[in-house]
Amino acid sequence: MRLERFEFSQIRMGVDTPIVVYAPSESQAIEACRAAYSRISQLEQQMSDYRVDSELNTLCKEAVGRWRRVSRELFYVLWRAHRLAQQTDGAFDPTVGVLVRLWREARRTERLPDAQTLQEARVRAGYRLMELCPHRRAVRLRAEGMQLDLGGIAKGYACDHALRVLRRYGLTRALIQMGGDIVAGDPPTNAPAWRIALAEGGETTLVRGALSTSGSTEQFVEIGGVRYAHIIDPRTGLGLTQLILARARARDGITADSLATAAAVLGAAGIPRLQRHYKGVQIEVREG
Ligand code: AMP
Ligand code: MG
């Protein structure tokens, strides 16, 4: 069967989300991609910290001091995030939401939070304050005013699911990108692999796997001559100040996305430790 290339782009989870797919006809491509985008929207409704009524934000309000049962998807992503937090001693930490909010405010006002505000936020962050019960698929938070944040892991997971939807429609030659996170299925009809342009120049290839890029070079605010990136350094509670670009290649998007973010915090020195926990994942870090 002759396949043609189709390309779509929509905004999901606050970022451009292009899908490239090979399909026998335009109508089949449209139908499958519509279903894939709608699957991403559904996950966004579960995991977004921007949407007041997302499942995640409802959980933040209702799980303080008591167990709250959550959806299978949300539980899985929280569980993966929590496990990575344990493995990295909190360098990756899905409970940094209040600190992320302070960073967003600093970006808006171009002023850092004062010491007391920062301190008050820091006591409401820390992965040990989030308890998970796999048996009941429930979550409990140990401090008032906590904000969970899956911004470092949910996009990769959403790409994984979008690819699955396309496969269910019989379209296996596909690539999905959400910001710095890319997940690819089978290659284009006329090539052995997808070609991916790199932010720092040059290109790489990807086939049946995931590639995520993270770091301090894209999103940051500059205050007093210092750049604070959108990734929180849990040691200071502020955005990362070192120049760093981290890239992870893995079998699936949830792994690549979360490990790229973790590597951005840990730096090159953290690579062996991440690779010990995640066999077969390739991680590359450029500093300075
Ligand atoms: P990424 O672009 O995938 O590296 O993820 C960055 C996003 O992850 C930020 O915009 C925050 O939503 C969230 N985040 C910030 N700092 C951390 C951290 N230390 N651990 C986990 N997630 C974080
Ligand atoms: Mg990430």
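Ring pair His82/Tyr127 is perpendicular by interplanar angle, where above 60° counts as perpendicular and below 30° as parallel. Below 30°, between 30° and 60°, or above 60°: for Phe8 and Phe6 the angle between ring planes is below 30°, a parallel geometry.
Among Arg137, Glu62, Glu131, the one residue that satisfies the side chain to side chain contact (heavy atoms under 4.5 Å, CB included) test with Trp67 is Glu131. Thr213 pairs in a side chain to side chain donor-acceptor pair (under 3.5 Å) with only one of the listed residues (Glu284, Glu200, Arg247), which is Arg247. Checked against Ile40 for a side chain to side chain contact (heavy atoms under 4.5 Å, CB included), the options Lys155, His161, Met178 give a single hit: Met178.
A 4.5 Å side-chain heavy-atom check between Leu238 and Pro113 finds at least one atom pair inside the cut-off. You'll find the side chain of Pro187 reaches within 4.5 Å of the side chain of Arg208, heavy atoms only. Put simply, the side chain of Val183 does not reach to within 4.5 Å of the side chain of Asp252, judged on heavy atoms.
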Distance-only donor-acceptor hits, side chain of residues 220-230, under 3.5 Å, sequence neighbours excluded:
none

Item to complete: Step by step, work out the salt bridge (charged side-chain N to carboxylate O under 4.0 Å, His left out) result for Asp49 and Arg101.
Response: CA-CA 10 Å; Asp49 65 289; Arg101 299 228 153 147; 3.7 Å; yes
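In the model, Arg51 has a side-chain atom that pairs as donor or acceptor with a side-chain atom of Gln45 under 3.5 Å. No hydrogens or angles considered: a donor-acceptor pair under 3.5 Å links the side chains of Gln116 and Glu120. Side-chain atoms of Arg128 and Thr95 include no donor-acceptor pair closer than 3.5 Å. In this structure, a donor-acceptor pair under 3.5 Å is present between the side chains of Tyr76 and Arg80.
Between the Ser216 side chain and the Ile244 main chain, a donor and an acceptor come within less than 3.5 Å of each other.
More than 12 non-hydrogen atoms from other residues, nucleotides or ligands lie less than 6.0 angstrom from CD of Gln86. Within 6.0 Å of CZ in Arg195 there are 12 or fewer heavy atoms belonging to other residues, nucleotides or ligands. Other residues, nucleotides and ligands contribute more than 12 heavy atoms inside 6.0 Å of the CD atom of Glu203. Shown here is Arg83, whose CZ atom has more than 12 heavy atoms of other residues, nucleotides or ligands within 6.0 Å. No more than 12 heavy atoms of other residues, nucleotides or ligands lie within 6.0 Å of CZ in Arg251, so this atom counts as exposed by the packing criterion.
With a 6.0 Å cutoff to the six-membered ring centre and a 45° limit on the axis angle, Arg104 counts as a cation-pi contact of Tyr50.
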